[in-house]
Amino acid sequence: MVHYSPDRKGGLSDTIAAIATPPGRGGIGVVRVSGPLCRQVAKHITGRLPPPRYAAFSRFRDGEGETIDRGLALYFPSPHSFTGEDVLELQGHGGPVVMDWLLSCVLQLGVRLARPGEFSERAFLNNKIDLAQAEAIADLIESASEQAARSALRSLHGEFSAQIQDLRDQLIELRCLVEADIDFSDEDIDFIEQGAVAERLQELQSILRRIHRSARQGALLREGIRVVLVGRPNVGKSSLHNRLAGFEAAIVTDVPGTTRDLLREHITIDGLPIRLSDTAGLHDSMDIIEQEGMRRTREEFTNADHVLLIADDQVGLTELEQSILGELPDNVSHTLILNKIDLSGASAERREDSQRVVLRLSVLTGAGMDLLLQRLKECAGFDGEGEGYFLARRRHLEALQRAGAAVAAAGEILKEEGPEEMLAEELRQAQNALAEITGEYRSDDLLGEIFSTFCIGK
Ligand SMILES: Nc1nc2c(c(=O)[nH]1)N(C=O)[C@@H](CNc1ccc(C(=O)N[C@@H](CCC(=O)O)C(=O)O)cc1)CN2
Ligand SMILES: Nc1nc2c(ncn2[C@@H]2O[C@H](COP(=O)(O)OP(=O)(O)OP(=O)(O)O)[C@@H](O)[C@H]2O)c(=O)[nH]1
């Protein structure tokens, strides 16, 4: 991790450059430059200033006049560029040597190397994009599925920000009304009727809930859920893992205790990422390696979102499964899977009692696997529709929750006919929480935290 030391005072007046394309060999590679020195850099390297926003085929030369490469130069004069500053792109042949040479020539002209995320940070500081949009750029680059990418793109286009902004405007309007009422209270002018305020608070609450829901779905697309497979040896954990993962990742044998260590895999079900871990079979064993494996298994399921406890349908639940069920933490949901129905003769089914969901299936034949996929999506709270999501981050969910809590508190104050000043204060809190999402209300620490996780050149 590159240490992030924001120097925002003079930070925006210097010129930065980085290789914008991924490291290694590629068909094309791009060196991107942003800041006031772009014009000079263009003249030095290409011999002229390319016409604004037109790709100009040029010869790139180093300080000695030697040709580095021939490529396209693109010049975007401020403010009509990605960063809002003058931007120059030198698009050459992708290859580490050519790119490094080109970059080092640019850096000799008084330009400094950009920090990770610094181009996006400048776009943010120059009001080209807001914070949620900047985050969406990173999320788009890192998205693991098409659905995740689509959701990130919606945020990048400003749909998420627009909804947040709209909500904020409504909060501000309501707060102004309440504050006007405070200012004129001794003159006995009733600007607002209590019933009307209550109604508007409720409306705001329901919009907040709707946004939170789309954002939570989006966060699931981004982060997924952690699922752990547990069960006694030979019940079919590794087979299930492989079936879910779609390829032979774990070693499957009929010797009990084959899986001695943890196996982790990232899979997606209809776009929902699942971090799956297969664990050592749980049993009372004297083998020191197996005991260590079992200790890790227990550790793994205490950190899980969901546990799939697998048993053999022919055997059913024994004391061991009962004791595992007893060990599961309250906040970890679980499903009991009775496997190998092809041997027991039962048919695939889902049963539910007050304590748990039980699935009967066969990993070998695939019967009942659809029930399991459905169950996993249900546990994640994922509806799989894929439309209308925002690829939100925890930070956004948390801010939405705080805004919701403040609106709820405002409603309480109103109901109990508490002081209007307190009501206005809660509305202000809600408004600030929302402003954190788009970055209008922020700390430098937060910016550092966000942009330092970006890749170089972004
Ligand atoms: N070659 C190249 N491709 C790229 C980028 C880039 O920087 N360079 N991008 C980098 O992420 C993305 C595109 N993002 C961009 C965003 C804004 C502007 C821009 O010039 N905006 C001006 C003009 C807008 C207009 O003409 O409508 C502006 O906002 O004023 C350019 C690229 C993806 N592809
Ligand atoms: N008939 C039948 N056999 C199955 C089924 N699922 C798994 N098996 C078989 O059961 C045996 C054990 O499967 P594994 O997946 O290795 O079991 P495990 O629970 O991971 O075992 P350990 O690694 O020892 O903990 C293998 O021979 C599998 O082919 C099933 O649904 N039906």
Side-chain angles (χ1 to χ4, degrees), residues 18-21 28-34 52-55 71-92 117 119-120 122-124 126-129 133-134 136-138 140-141 153 156-158 229-245 248-263 277-283 285 287 290 293-294 297 308-315 320 337-346 348 359-369 372 454-455 457-458:
I19 299 171
T21 39
I28 298 169
V30 179
V31 169
R32 183 155 63 165
V33 191
S34 180
R53 307 178 66 82
Y54 275 93
L72 296 178
L74 261 171
Y75 171 55
F76 302 84
S78 167
H80 300 296
S81 70
F82 173 67
T83 59
E85 305 173 328
D86 278 359
V87 168
L88 176 71
E89 284 187 13
L90 299 170
Q91 310 191 345
F119 290 93
S120 303
R122 288 185 174 204
F124 166 70
N126 290 322
N127 295 317
K128 282 281 168 184
I129 50 174
Q133 287 174 296
I137 293 177
L140 179 62
I141 292 171
L153 205 57
L156 179 55
H157 286 164
L229 304 177
V230 284
R232 56 162 73 245
N234 228 25
V235 291
K237 292 181 300 297
S238 304
S239 307
L240 178 60
H241 182 113
N242 291 348
R243 185 139 198 141
L244 288 172
E248 304 283 306
I251 309 157
V252 181
T253 64
D254 51 11
V255 182
T258 310
T259 307
R260 289 191 164 188
D261 207 347
L262 287 171
L263 257 169
S277 30
D278 188 6
T279 62
L282 284 175
H283 58 133
S285 161
D287 183 322
E290 284 188 349
M294 283 162 63
T297 298
L308 296 176
L309 173 61
I310 309 168
D312 189 327
D313 193 37
Q314 294 164 290
V315 181
L320 187 77
I337 295 177
L338 298 172
N339 186 30
K340 309 197 186 182
I341 55 169
D342 56 301
L343 296 180
S344 70
L359 301 178
R360 279 207 159 78
L361 51 80
S362 167
V363 175
L364 193 72
T365 67
M369 283 301 290
L372 176 58
F454 277 48
C455 45
K458 198 52 241 175

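Note that ligands are numbered from 1 as they come in the structure, with each ligand's atoms numbered from 1 the same way.
Taking all heavy atoms of D342, L338, L361 into account, the minimum distance to atom 1 (N) of ligand 2 is reached by D342. Taking all heavy atoms of R32, R53, H80, Q91 into account, the minimum distance to atom 26 (O) of ligand 1 is reached by R53. The residue among S81, S78, S34 with a heavy atom at the shortest distance from atom 21 (N) of ligand 1 is S81. Nearest-residue assignment for atom 20 (O) of ligand 2 (options S238, P233, G231; heavy-atom criterion): S238.
Residue contact check: S239 has heavy atoms under 4.0 Å from atoms 7 (C), 13 (O), 14 (P), 15 (O), 28 (C) of ligand 2. Atoms of ligand 1 found under 4.0 Å from any heavy atom of P79, numbered from 1 in the order shown, are 30 (O). Remark: ligand 1 atoms within the under-4.0 Å shell around heavy atoms of E89 are 1 (N), 2 (C), 6 (C), 7 (O), 8 (N). Proximity to L343 (heavy-atom distance under 4.0 Å) selects the following atoms of ligand 2: 1 (N).
With hydrogens and angles ignored, the 3.5 Å screen pairs no side-chain donor or acceptor of S362 with any backbone N or O of A367. In this structure, K458 contributes its side chain and S120 its backbone to no donor-acceptor pair below 3.5 Å. Side-chain N or O atoms of N339 include one that pairs as donor or acceptor with a backbone N or O of V363 at under 3.5 Å. Checked by atom type and distance alone, the side chain of Q91 never pairs as donor or acceptor with a backbone atom of L72 at under 3.5 Å. The main-chain N or O of D312 is never found under 3.5 Å from a side-chain atom of R232 such that the two would form a donor-acceptor pair. Although no hydrogens or angles enter the test, the distance criterion places no donor-acceptor pair under 3.5 Å between the side chain of D313 and the main chain of I341.
Nearest protein neighbour of atom 11 (O) of ligand 1, counting heavy atoms only, is K458 NZ, 2.9 Å. Scanning the protein for heavy atoms near atom 18 (C) of ligand 1, the closest one is F82 N, 3.8 Å. Protein heavy atom closest to atom 28 (C) of ligand 1, with residue, atom name and distance, is K128 NZ, 3.1 Å.
Of all the heavy atoms of L364, the ones lying under 4.0 Å from any atom of ligand 2 are found in both the backbone and the side chain. Here N234 has heavy atoms under 4.0 Å from ligand 2 in both its backbone and its side chain. Looking at N339 against ligand 2, only its side chain comes within 4.0 Å, counting heavy atoms.
The presence of a protein heavy atom under 4.0 Å from atom 13 (C) of ligand 1 is ruled out. The nearest protein heavy atom to atom 6 (C) of ligand 1 is closer than 4.0 Å. In this structure, atom 34 (N) of ligand 1 has no protein heavy-atom contact shorter than 4.0 Å. For atom 3 (N) of ligand 1, no protein heavy-atom neighbour is present inside the 4.0 Å cut-off. For atom 16 (C) of ligand 1, the nearest protein heavy atom is under 4.0 Å away.
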task = Apply the test side-chain contact (heavy atoms from CB on, under 4.5 Å) to residues L240 and I310: give CA-CA distance (whole Å), side-chain angles for both, the deciding distance (0.1 Å), then the verdict.
result = CA-CA 9 Å; L240 178 60; I310 309 168; 3.6 Å; yes
task = Kindly determine whether L308 and V230 satisfy side-chain contact (heavy atoms from CB on, under 4.5 Å), including the steps that lead there.
result = CA-CA 6 Å; L308 296 176; V230 284; over 6 Å; no
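There is a side-chain donor-acceptor pair under 3.5 Å between S34 and E85.
Taking distance alone, with nitrogen or oxygen atoms compared against 3.5 Å, G236 approaches ligand 2 more closely than that limit. The distance criterion of under 3.5 Å between nitrogen or oxygen atoms is met by V363 with respect to ligand 2.
Taking all atoms of both residues into account, the shortest heavy-atom contact from L90 to A73 is CD2-CB, 4.2 Å. Among all heavy-atom pairs drawn from S78 and G84, the shortest one is OG-O, 2.8 Å.
Counting non-hydrogen atoms of neighbouring residues, nucleotides and ligands closer than 6.0 angstrom, the CD1 atom of I28 reaches no more than 12 such neighbours.
Under the 6.0 Å distance and 45° angle rule, R32 counts as a cation-pi partner of F119.
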